[in-house]
Amino acid sequence: MYPILFRIFGLPIYSFGLMMAIAFMVALSLFGAEVKRRGQNEKLVNGVSMLALILGVAGSKLFSVFEDWDAFTRAPIKTLFSPSGLTFYGGFICATIGILIYLRKHKVPFRLFADMIAPIVFLAYGIGRIGCQLAGDGDYGIPTHQAWGMHYSGGTAKPTYVFEEYFARYPNERVAWQYDSLRAIKTGTDALGQTITRFDEVVTCQPTPIMETIAAVVCFLFLWSRRKRDERQPGKMFAMTVVLMGIERLLVEFMRINPLYFSLSMAQWISIGLIIYGIVAIARMKPAPIKST
């Protein structure tokens with residue numbers, strides 16, 4: 001793990017922040033090119049992009065607070081201003097609502113811009129997950145003995161802390177991984193001054209950020225290849241994106257550690273809602289008009 005990639009004049013460059021910046025720049029570039037290709041008002045690009053950035057971060061933090069309310073009540077200031085604990089769906093929903101209001105104010109069809117930006121958001125999400133992997137910020141999955149399991153002892157969120165609730169739910173796993181005995185052995189500190197335990201060094205986890213990056217890139221390439229074909233049906237690209245996004249997150253959550261509500265995480269319930277919305281929206285669309293020759 002590399003939470004700090006390098007330093008410039010003594011200032012640390014954090015991997016998560018850098019990848020988020022790269023994700024935003026890539027998304028802005030592709031979105032601007034797509035708006036230009038479709039002959040739309042390029043002046044709206046900056047407004048939509050800034051709303052997506054600001055409301056995306058604010059919504060991500062807000063939803064993470066609701067998802068882990070106990071942590072917020074224990075340390076509200078630390079939780080609010082911590083760079084970790086960002087929930088993608090919170091940012092996606094808040095940014096979508098904000099952009100909808102903004103475009104309506106400018107009398108621009110929401111579905112048109114949603115179709116252009118939705119698959120790009122999927123790609124940006126995948127790039128952001130690279131930052132999660134490099135930072136080891138707790139987005140990794142459950143303990144595993146499988147060959148592709150990875151160590152996250154150098155991450156900003158140590159497995160000793162992240163797995164505490166998980167092992168409380170699964171006492172047999174707790175014993176199998178020797179959680180109580182190994183976490184009592186302190187083996188050092190990392191570059192951020194955090195304690196590393198023997199458990200952190202021993203346990204291997206599902207590398208879910210890598211899985212999500214691969215899935216996001218594949219889905220983006222599929223959607224991007226269809227954008228010209230489906231632009232004759234406004235809203236279809238957005239609907240397809242939320243269906244794929246919902247399926248991806250629904251599945252990966254089974255390998256992640258999050259609070260459960262009626263056997264599913266909050267992200268999974270939202271995923272189910274997005275999948276249903278997308279399928280219904282596509283089913284209700286009229287056939288694409290035949291191009292005149």
Side-chain angles (χ1 to χ4, degrees), residues 1-5 14-16 18-20 23 64 67-68 71 83-89 122 125-192 194-219 245 247-260 263-268 271:
M1 300 301 103
Y2 301 93
I4 299 176
L5 289 177
Y14 294 97
S15 54
F16 180 77
L18 179 61
M19 295 312 300
M20 289 296 288
S64 72
E67 193 170 36
D68 195 356
S84 61
L86 297 177
T87 303
F88 170 74
Y89 274 157
F122 214 156
Y125 175 72
I127 296 173
R129 282 305 191 206
I130 298 175
C132 295
Q133 173 67 16
L134 291 173
D137 61 2
D139 283 336
Y140 47 83
I142 60 177
T144 180
H145 289 293
Q146 293 169 323
W148 56 79
M150 299 186 68
H151 295 280
Y152 288 86
S153 59
T156 57
K158 308 297 184 193
T160 296
Y161 167 76
V162 172
F163 291 154
E164 189 170 3
E165 183 180 343
Y166 172 80
F167 283 130
R169 294 202 307 261
Y170 302 103
N172 291 338
E173 288 281 295
R174 187 187 192 106
V175 173
W177 284 98
Q178 303 178 56
Y179 176 67
D180 293 297
S181 58
L182 293 178
R183 73 170 178 172
I185 304 172
K186 315 299 182 183
T187 59
T189 56
D190 62 16
L192 300 176
Q194 299 181 112
T195 299
I196 303 174
T197 71
R198 183 58 181 159
F199 175 77
D200 295 327
E201 296 177 334
V202 169
V203 68
T204 50
C205 315
Q206 294 282 4
T208 49
I210 295 178
M211 297 176 186
E212 289 204 85
T213 293
I214 294 172
V217 170
V218 170
C219 289
M245 193 178 289
I247 292 173
E248 181 274 323
R249 191 60 183 270
L250 177 67
L251 295 178
V252 80
E253 280 289 306
F254 286 112
M255 291 183 286
R256 291 186 60 196
I257 302 167
N258 281 315
L260 301 180
S263 301
L264 295 176
S265 69
M266 181 185 294
Q268 286 178 309
S271 295

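Along the sequence shown, residues are numbered consecutively beginning with 1.
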(request) Report the residues that fulfil ring-ring contact (aromatic ring centres under 6.0 Å, His included) with Tyr166, sequence neighbours left out, ordered by chain and then residue number. (result)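 Listed in chain order: Tyr170.
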
(message) Per the salt bridge (charged side-chain N to carboxylate O under 4.0 Å, His left out) rule, what does the pair list look like for residues 148-161, sequence neighbours excluded?
(response)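 Those involving residues 148-161 are Lys158-Asp190.
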
Kindly write out the residues that satisfy side chain to side chain contact (heavy atoms under 4.5 Å, CB included) with [X], not counting sequence neighbours, or none if the list is empty.
X: Gln178; value: Ser181, Leu182
X: Thr160; value: Tyr179, Arg183, Thr197, Phe199, Asp200
X: Ala23; value: Ala124, Ile127
X: Thr187; value: Ile185, Ile196, Arg198, Glu201

Could you give the distance from [atom1] ([X]) to [atom2] ([Y]), rounded to the nearest 0.5 Å?
X: Thr208; Y: Phe254; atom1: OG1; atom2: CZ; answer: 14.0 Å
X: Met150; Y: Thr204; atom1: CE; atom2: OG1; answer: 10.5 Å
X: Arg256; Y: Leu251; atom1: CZ; atom2: CG; answer: 13.0 Å

Looking at residues at least two apart in the chain, or sitting in another chain, which of them share a side chain to side chain donor-acceptor pair (under 3.5 Å) with [X]?
X: Thr144; result: Gln146
X: Glu212; result: Tyr125, Arg129
X: Ser15; result: none

Write down the atom of [X], the atom of [Y], and the distance for their closest heavy-atom approach.
X: Phe16; Y: Gly131; answer: CD1-C, 3.8 Å
X: Met20; Y: Gly128; answer: SD-CA, 4.3 Å
X: Val162; Y: Gly138; answer: CG2-CA, 4.2 Å
X: Gly141; Y: Cys205; answer: O-CB, 3.5 Å
X: Pro207; Y: Gly149; answer: CD-CA, 4.5 Å
X: Glu165; Y: Pro259; answer: OE2-CA, 4.2 Å

In the structure I gave you, are the side-chain heavy atoms of [X] and [Y] within less than 4.5 Å of one another anywhere?
X: Tyr140; Y: Cys132; result: no
X: Trp148; Y: Gln206; result: yes
X: Met266; Y: Glu253; result: no
X: Trp177; Y: Phe163; result: no
X: His151; Y: Val203; result: no

(request) Start with the C-alpha gap between Gln133 and Asp139, add the side-chain angles, then the distance that decides, and say whether side-chain contact (heavy atoms from CB on, under 4.5 Å) holds. (result) CA-CA 8 Å; Gln133 173 67 16; Asp139 283 336; over 6 Å; no

(message) Has Gln268 got a side-chain atom pairing as donor or acceptor with Leu250's backbone, closer than 3.5 angstrom?
(response)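 A pair under 3.5 Å: yes.
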
(request) Using atom types as modelled and distance alone, determine if a side-chain donor or acceptor of Gln194 lies under 3.5 Å from a backbone N or O of Thr156. (result)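 Yes; at least one donor-acceptor contact below 3.5 Å.
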
